[in-house]
Structure formats: C-alpha cells, structure tokens
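Down below is the structure, laid out as structure tokens.
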Amino acid sequence: MNVIRTNAPSQTQKNDAITLQEVCRSHDHISLTLPMEEDCIYFLLYDEETLLSALCAFFTENMDYECSGFTHPGHRQKGYFTKLIETLLDETGDSDLIFPVDESCKDTIHALQAMDASFWYQEHIMELPLTQSIKTSRLKEGSSFDALSLSLSIASSPEETPIQCVFLLDGKQVGSCCLDALEHGAYFYGFEISEPYRNQGLGSACLSLFLDTYFAHPNARRYKKLFLQVSGLNKPAISLYKKAGFQITESLSYYVY
C-alpha cells in the first residue's frame, strides 16, 4: 500500500478520486462529494495503480479541519481510512477534525464511532422548486412592515451571479443575502437581519420581497430550484423557510474528532 499526500493532485489522481467517489455514492446512495479546491490537502491510498481510499481536508475559519473521504466498498474495515486519518493527524496537531456525513451511510457512521468521534449537530439542505409560481402570501401574513418602506437593492443584474442583496427600511440597511448559481440550481446563503430588527417579522418580509423581486425576472427562471443550508439548531430559520415553501431534502450530521 502506498499513501500519497498532495496539495495539487495530478489529473490522473483527480480522475481516480472521482471514480472512487462515484462508486461509493452509488453503493451508499448518498450525494456527498470530495471538494476539488486549491486549498485542500489530499491523502490517497493506492494498491499499485488502484485507489482504494481517499481523504480530503481543508482548514476552516474556525481553526479546524473539515474532512471528506471515501473507501471502496470492497475494501472497507481494513484500516485504510484510519491510516489516512493518522497521516493527517501527524501534521494537524491538536486541531479538531470535522466530518459531515449522511446518516444513511451506516459504514461511515460505524467508522466514526470506532474512532470515538462525537456527534456535533445536524445541518439540513432545503429546496424550493422554481418550476411554478412562488407563493409568498404566507410570509406576508401578520407582517407589520409597510411594503412601501421596505426595499431591495441588488448589486448586479439577475443575469449575473454571485449577487449580493441589501434590504433597506426607510433607506437604512437592515439585512442582506447572497445568491450564487451552481450546476443544479441557485444557492441562497448569507441571509441575515440586523440584530436590532430581529424577532419583529422583518425576516419574513425581506424573504418575501427577495423572492418576489428576484425570481419575477425572466432570466432568473432558468433555475429549476432554489436551495440553501441551515443548521438543525436554528429552529426559527427552518420554520421561516418552510413557510416560504422550502422542504428539507437532505440532512447531514457533523461529527468531531
């Protein structure tokens, strides 16, 4: 067995990692993927020319490492992934390792439990289909904010992404959000209401205004769905998004080692 550590995998190594990823995704019925970004560290375990296990990690703003990995279904429980983790730990020192996992993948959960990794929290993927008219009437129910006093400033045209949006109440910024275009839809993120204006229904009013304004533009209709990620601990946000028509389509559990 040969372990390769690299910040810049060759095209062959990338192809091997993608092949391994797709074999595991098909076997485990999951959607997780290995990040292929410049600031990632890769640990690849080969048996001659066959990639059996891969680990990818990147340093986060929280001073820990977020990790993703795959081991070929026919070569699990042989200590291959543990070997890659140990190699990573040799250079990360005391930093925590964070693993996002799909709870439906029992092999992954078993491996993490064997490592004595601790459950941290859940994060949900929520989606809103854009194949039909978006109904924001439920968001407007009970809102005390005058639509004439609340406005939305979009930093770029709907044809361009990513975009940054600013919400203004009587001309004063009270919130913001961002939108990016990905291959399988539009990704909504960074939605935030300024602290003095929270818990007053302004979040509902701003989300309603964003959906009504941005997705009314013909060029925005090219997206089949709008999706977002939200912490399972953030019950008010989940409730707000459900009110707008978003549904939870996938849940990831985060473990700390």
Classify the side-chain pair Y46/D16 by whether it contains a donor and acceptor separated by less than 3.5 Å.
yes
Side-chain donor/acceptor of H124 to backbone N/O of M126, under 3.5 Å:
no
Does any N or O in the side chain of S10 come within less than 3.5 Å of the main-chain N or O of Q13, such that one atom is a donor and the other an acceptor?
yes
Hey, can you tell me if F191 and F167 have their rings parallel, tilted or perpendicular (30° and 60° cut-offs)?
perpendicular
Q11 meets the side chain to side chain contact (heavy atoms under 4.5 Å, CB included) criterion, sequence neighbours left out, with K14, N15
Over 12 foreign heavy atoms within 6.0 Å of CG, N62:
yes
Can you check whether P196's main-chain N or O pairs, donor with acceptor, with S194's side chain at less than 3.5 Å?
no
Measuring from atom CZ of F59 to atom CG of D64, what distance do you get when rounded to the nearest 0.5 angstrom?
7.5 Å
Compare all side-chain heavy atoms of Y241 with those of F188 and state whether any distance is below 4.5 angstrom.
yes
Could you tell me whether K242 atom NZ has more than 12 heavy atoms of other residues or ligands within 6.0 Å of it?
no
Can you give the donor-acceptor pairs under 3.5 Å from side chains of residues 47-54 to other protein atoms, not counting sequence neighbours?
residue: S53; atom: OG; partner: F70; partner atom: O; Å: 3.4
residue: S53; atom: OG; partner: T71; partner atom: OG1; Å: 2.8

Taken in chain and number order and not counting sequence neighbours, the residues that satisfy side chain to side chain contact (heavy atoms under 4.5 Å, CB included) with R198 are E192, I193, E195
Quick check: does any side chain N or O of Q173 sit under 3.5 Å from a backbone N or O of L169, one acting as donor and the other as acceptor?
no
Nearest 0.5 Å, please: how far is SG in C105 from NE2 in H110?
11.5 Å
Drop me the distance from K224's NZ to L128's CG, to the nearest 0.5 angstrom.
15.5 Å
My understanding is that only residues two or more places apart in sequence, or in another chain, count here; which of them pass side chain to side chain contact (heavy atoms under 4.5 Å, CB included) with V3?
L45, K83, L84, T87
Drop me the distance from F210's CZ to C177's SG, to the nearest 0.5 angstrom.
4.5 Å
Start with the C-alpha gap between L226 and L179, add the side-chain angles, then the distance that decides, and say whether side-chain contact (heavy atoms from CB on, under 4.5 Å) holds.
CA-CA 9 Å; L226 179 65; L179 189 82; 3.4 Å; yes
OG/S31 to CG/D102 distance, rounded to the nearest 0.5 angstrom?
6.5 Å
If you group Ile, Leu, Val, Met, Phe, Trp and Tyr whenever their side-chain heavy atoms sit less than 4.5 Å apart, what else falls in with L168?
V166
In terms of hydrophobic clusters joined by side-chain contacts under 4.5 Å, are V23 and Y80 together?
no
If we count only N and O atoms by modelled type, under 3.5 Å, do the side chains of S251 and E103 hold a donor and an acceptor together?
no
Just by distance, do the side chain of T213 and the backbone of L209 share a donor-acceptor pair under 3.5 Å?
yes
Treat each ILVMFWY residue as a node, draw an edge where side-chain heavy atoms are under 4.5 Å apart, and state whether I163 and L207 are in one component.
yes
Approximate separation, where rounding is to 0.5 Å, of I125 CD1 and T249 OG1:
6.5 Å
Go through the steps to decide whether F227 and Y187 satisfy the test side-chain contact (heavy atoms from CB on, under 4.5 Å), and finish with yes or no.
CA-CA 5 Å; F227 67 99; Y187 177 49; 3.5 Å; yes
According to side chain to side chain donor-acceptor pair (under 3.5 Å), does anything in residues 89-100 pair up with another residue at least two apart or in another chain? List the pairs.
R5-E91
Do the two ring centres, one from F99 and one from Y254, sit under 6.0 Å apart?
no
